[in-house]
Number of protein chains: 2
Amino acid sequence: MEASSDHEDNLKRDRGIRNFVTAEDVARLAGVSRSAVSRTFTPGASVSADVRLRVQEAAKTLGYRVNRLARSLISDQSNLVGVVGANLSLPFMARQLDELSRALLRRGMQCLLLNAAEAEQGITPLIELILEFRVRAIVVMSGSPPSSIIDDCVANGVRVILVNRQADDAETDTIISDDLGGARLAAGRLLQAGCRRIGVVGSGARTPTQLRRRVAFAECIEEAGIEPVVWASGETTYETGIEAAEGLLASHDLDGVFCVTDLLALGFLDGARRMGRRVPDDLSVIGFDDIPQSAWVPYHLTTVRQSMSDLTEAVLTAIEREMHGKDMDLVHEVLPVELVERATVRPTA
Amino acid sequence: MEASSDHEDNLKRDRGIRNFVTAEDVARLAGVSRSAVSRTFTPGASVSADVRLRVQEAAKTLGYRVNRLARSLISDQSNLVGVVGANLSLPFMARQLDELSRALLRRGMQCLLLNAAEAEQGITPLIELILEFRVRAIVVMSGSPPSSIIDDCVANGVRVILVNRQADDAETDTIISDDLGGARLAAGRLLQAGCRRIGVVGSGARTPTQLRRRVAFAECIEEAGIEPVVWASGETTYETGIEAAEGLLASHDLDGVFCVTDLLALGFLDGARRMGRRVPDDLSVIGFDDIPQSAWVPYHLTTVRQSMSDLTEAVLTAIEREMHGKDMDLVHEVLPVELVERATVRPTA
DNA sequence: GCAACCCTTGCACACGTGTGCAAACTTCAT
DNA sequence: ATGAAGTTTGCACACGTGTGCAAGGGTTGC
């Protein structure tokens, strides 16, 4: 019995399942101590040129890489950053993730991506999972974390950074684009173009971002004495935009519409055309986000742009801010937006 | 001196930098041994109901999570999967990543995402980085890994899975969609529609996928005795598609075009219209990938679809295939494609 | 009442790495 | 030649976890 077990053990050590090369292996081949190997791969450690060379050579032939897991075990820092997102294929989210993952890598951090799409019971289990990896911070771009799990993160010294999300009463950094300002810009522009029969298009999703944009826009319009028509159902997709146009324009002869998302706006434009409306002559449309497709020829959508690089930079600032125990100073940034004038709003008279 | 150091040490242990809760802390609070804590969080381990409850309670109040790094140190398996990708904001890539990250999570694996966008010296350093995390496998969706680094991966028992990429002579799994078949479908359809003055549009990128599609298409067309006009410069973007249309159609009166990517095709459509061509009456266009935007109203692009779910499933199959030392059986899958008929090719006469 | 058995629990070792400390070695000035 | 000063190296401990092993305690069957 033991003999068989021993044999198996040897096999394992030789070429079996456990075949990651360790510093021990390298040390043996190079004829030095394991410490020497460790120091070779630790910047600023004291090793003679001779030993360093021999170690590097041995490491190369064996294909050795430092085990980050073991290294992180000591420093309690994995330079991993957890990212929670959903609907990664939506243009705006995709750009956000693209920029963020690039910036993280540039700063020497890695990106642990968890897709929240199938999280029926909220994103709490996802955050718990991320926490197990001793991440440096958690960036939440989708879903709304309950404050209980956020407290756990803080208790473990992990910052939670919400991007275009909000959690009340919790110790999180929050970075949101200026939805209110953007909605006001849109409202102002439509009124300035002389629109009097105005609509707002959102989806059925009740995200804080959507609500803020819709409510702020409605308020501005109401101040001008106009009661806006509202559409708020379906998913946040191009197809919903079409449906909104067909549903709204069948019963209302609108001359100005604000869509809380560019994707909705593009669908709305196509739907409106199908309903026989000419843009911008009969109908002005404004979107929000400035996704790449909005600049495409058939659309030339006038929209509110949030600067992607500002957003990314703010996230990185939050991540890199030191934690001073419990009394950490949180980042609460509201990023400015601007109106990008293209061709879907009637020029000012 | 020592007193001060000790003091500092105590501070650290109390609430300082090292503030991750450990199993030791939980054990102390619950009045049991650390082993009991460990077993409580290990499925199938033997713990009495009483102890388990006390431990769970203590863990809850302290906000304890198992340290995955330490756990992985023993089993040499982190259930992490490294993913290398670039241009995550491009629709096709974004969908791929969305599906993959979702599928990974569903199977209990996590996704370590590295953005290869800024990798001037190739993706070798990125793969080295991933390797340090003892990942279960590496999925490469962008860039071409030299076989030297792949050998290192295999030496460490890590599978490398190339998606729509190719590496010669290396022990990788490769999953590619049937570019040749797709190009043939496109060529056949254009010829069937009676096109005689035919063009191929690619970008300046010399990826294997692009080359295969272009060459295979050209061969088919030449078999019919037609010499296709080729465009091959710029980035793989919508804007390049427009440029291609303006450049090509100014000097050639084409009546059929195959774009190796939907994004190029959409740009080409808009460019062609701007040049006064009517689609499909004057000009037929076929794309490749079937990204969501291709179904949008202004385009209704006829295109070659690769099944995203097939692709994801193939990747997961490869990841989950056991490694039997060196003699692993590799996955080499060519995924079928189909022609999606929409409205940019003249109906068959 | 006693033995046999099962369940629970703690001890101690292992995983692969970084690093303080002291020993060994080298260099240099006297 | 000798001591001082600096550099290099190995030992041993720490990080937080899983788990084999043996000891302890409880239950069952006779």
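Here the structure is a predicted model, which is why all the values come from computation and not from measurement.
Note on B/Ser46: a side-chain N or O is less than 4.0 Å away from OP1 or OP2 of C/dT8. OP1 or OP2 of D/dG18 has at least one side-chain nitrogen or oxygen of B/Ser38 nearer than 4.0 Å. OP1 or OP2 of C/dT9 lies within a sub-4.0 Å distance of a side-chain N or O belonging to B/Ser48.
Put simply, CZ on B/Phe133 is 15 Å from C1' on C/dG16, counting in whole angstrom units. Taking atom CD of residue A/Glu24 and atom P of nucleotide D/dC11, one finds them 10 Å apart after rounding to whole Å. Rounded to whole angstrom, the span from the CZ atom of A/Arg39 across to the P atom of D/dA12 amounts to 14 Å. The nearest whole Å value for the distance from the CG atom in A/Leu62 to the P atom in C/dG16 is 14 Å. When rounded to the nearest whole Å, the span between CZ of B/Arg71 and P of C/dC15 equals 18 Å. Between the CD1 atom of B/Ile74 and the C1' atom of D/dG16 there is a distance of 8 Å, given to the nearest Å. When the C1' atom of C/dG16 is taken as reference, atom CG of B/Leu131 falls 15 Å away, rounded to whole Å. The distance between atom CG of B/Leu73 and atom C1' of C/dG16, rounded to the nearest whole Å, is 5 Å.
Scanning atom types as modelled, one donor and one acceptor separated by under 3.5 angstrom connect the side chain of A/Arg34 and the base of C/dG18. Side-chain to base pairing of A/Ser72 with D/dC15: no donor and acceptor N or O lie closer than 3.5 Å to each other. For D/dG16, its base never sits under 3.5 Å from the side chain of B/Arg68 at any donor and acceptor pair. Under 3.5 Å, the side chain of B/Arg134 and the base of C/dG16 form no donor-acceptor pair of N or O atoms.
Of all nucleotides listed (C/dG18, D/dT19, D/dG10), D/dG10 comes nearest to the side chain of A/Ala36. Comparing atom distances between the A/Ala70 side chain and each of C/dT19, C/dT17, D/dT19 picks out C/dT17 as nearest. Of all nucleotides listed (C/dT9, D/dT19, D/dG16), C/dT9 comes nearest to the side chain of B/Val51. Side-chain proximity of A/Thr22 to C/dT17, D/dT19, D/dG10: nearest is C/dT17.
The pair B/Arg95-B/Asp98 fails the salt-bridge criterion, with no side-chain N (NZ, NE, NH1 or NH2) lying under 4.0 Å from an Asp/Glu carboxylate O.
Using a 4.0 Å heavy-atom criterion, one finds that B/Tyr64 contacts the sugar-phosphate atoms exclusively. When heavy atoms are screened at a 4.0 angstrom cut-off, B/Val47 is found touching the sugar-phosphate backbone but no base atom.
Separation of atoms SG (A/Cys153) and CD1 (A/Ile130) is listed at 8.5 Å; rounding is to 0.5 Å. Between the CG atom of B/Leu73 and the CG atom of A/Asn67 there is a distance of 6.0 Å, given to the nearest 0.5 Å. Atom-to-atom distance recorded for B/Thr174:OG1 and B/Gln166:CD is 6.0 Å, nearest 0.5 angstrom.
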- With ring-ring contact (aromatic ring centres under 6.0 Å, His included) as the test, would you mind laying out the steps for B/Tyr64 and B/Phe41 before giving the verdict? CA-CA 11 Å; B/Tyr64 167 75; B/Phe41 292 100; 5.4 Å; yes
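Counting non-hydrogen atoms of other residues, nucleotides and ligands closer than 6.0 Å to CD of A/Glu132 gives a total above 12.
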